[in-house]
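Inspection log for the structure reproduced underneath, given as structure tokens.
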Amino acid sequence: MIGEARRAADCAREALAGFGAAYPRSAQFNVVHKAQALVGLGELDEAVAVARRAVPMANGLTSRRARALLGAFTAELSAHRAHPLVREWREYLGSALNPAA
């Protein structure tokens, strides 16, 4: 989001360290932001692994924004759409993300 992938990843990691169970929506947002930053760093495998953690978190929320962030992450993968990992992510997201409440 800030245009500097390394700094964004560091900020997301620090934010996640400060969130506990009291702020599940904020934690989910920052997990997705970390995944987005990892895409920007070219770390596709780790980005998808991190994003997978955000799906069950989103399922536990009633936030449309939580789902929208996952959609934004998926859109950022469009440059890598032919990669098997990205195709697997899209299938996983389609099957694992509960419909919005």
Side-chain angles (χ1 to χ4, degrees):
M1 290 183 69
I2 61 177
E4 299 174 34
R6 175 54 55 204
R7 187 169 156 223
D10 291 343
C11 288
R13 182 180 37 76
E14 289 174 22
L16 284 167
F19 292 125
Y23 302 101
R25 190 175 95 130
S26 294
Q28 192 269 351
F29 287 3
N30 279 284
V31 169
V32 177
H33 292 319
K34 181 178 179 183
Q36 290 171 314
L38 290 166
V39 171
L41 291 170
E43 298 177 18
L44 191 60
D45 290 349
E46 187 176 354
V48 171
V50 168
R52 280 181 171 264
R53 291 186 7 228
V55 175
M57 295 169 84
N59 284 335
L61 300 170
T62 58
S63 171
R64 288 185 178 149
R65 188 167 172 214
R67 287 164 173 68
L69 283 173
L70 288 167
F73 169 75
T74 302
E76 289 186 28
L77 296 175
S78 64
H80 308 280
R81 70 180 139 273
H83 193 288
L85 188 61
V86 173
R87 288 193 305 266
E88 181 182 299
W89 161 255
R90 289 178 187 273
E91 290 173 14
Y92 168 75
L93 185 63
S95 66
L97 187 63
N98 293 340

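Partners of Ala58 under the side-chain contact (heavy atoms from CB on, under 4.5 Å) rule, at least two apart in sequence or in another chain, are Gln28, Ala66, Leu70, Leu97. Taking Glu76 as the reference, Gln36 meet the side-chain contact (heavy atoms from CB on, under 4.5 Å) condition, with sequence neighbours excluded.
Note on ring orientation: taking the six-membered ring where Trp is involved, the planes of His33 and Phe29 are perpendicular (angle over 60°, cut-offs 30° and 60°).
In this structure, CZ in Arg90 is found 6.5 Å from CG in Leu77, a value given to the nearest 0.5 Å. With values rounded to the nearest 0.5 angstrom, Leu69 atom CG is found 11.5 Å from Met57 atom CE. Between atom CG of residue Asn98 and atom CG of residue Leu61 there is a gap of 11.0 Å, rounded to the nearest 0.5 Å.
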(request) Take Val50 and Phe73, measure what side-chain contact (heavy atoms from CB on, under 4.5 Å) needs, and give me the verdict at the end. (result) CA-CA 11 Å; Val50 168; Phe73 169 75; over 6 Å; no

(request) Verify side-chain contact (heavy atoms from CB on, under 4.5 Å) between Leu44 and Leu38, making sure each step is shown before the conclusion. (result) CA-CA 7 Å; Leu44 191 60; Leu38 290 166; over 6 Å; no

(request) Run the numbers on Val86 and Thr74 for side-chain contact (heavy atoms from CB on, under 4.5 Å), then give the verdict. (result) CA-CA 8 Å; Val86 173; Thr74 302; over 6 Å; no

(request) Show your working on side-chain contact (heavy atoms from CB on, under 4.5 Å) between Asn59 and Arg67 and close with a plain yes or no. (result) CA-CA 9 Å; Asn59 284 335; Arg67 287 164 173 68; 4.1 Å; yes

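Between Lys34 and Glu43, none of the side-chain N atoms (NZ, or NE/NH1/NH2) sits under 4.0 Å from a carboxylate O, so this pair counts as no salt bridge.
Side-chain N or O atoms of Arg87 include one that pairs as donor or acceptor with a backbone N or O of Ala82 at under 3.5 Å.
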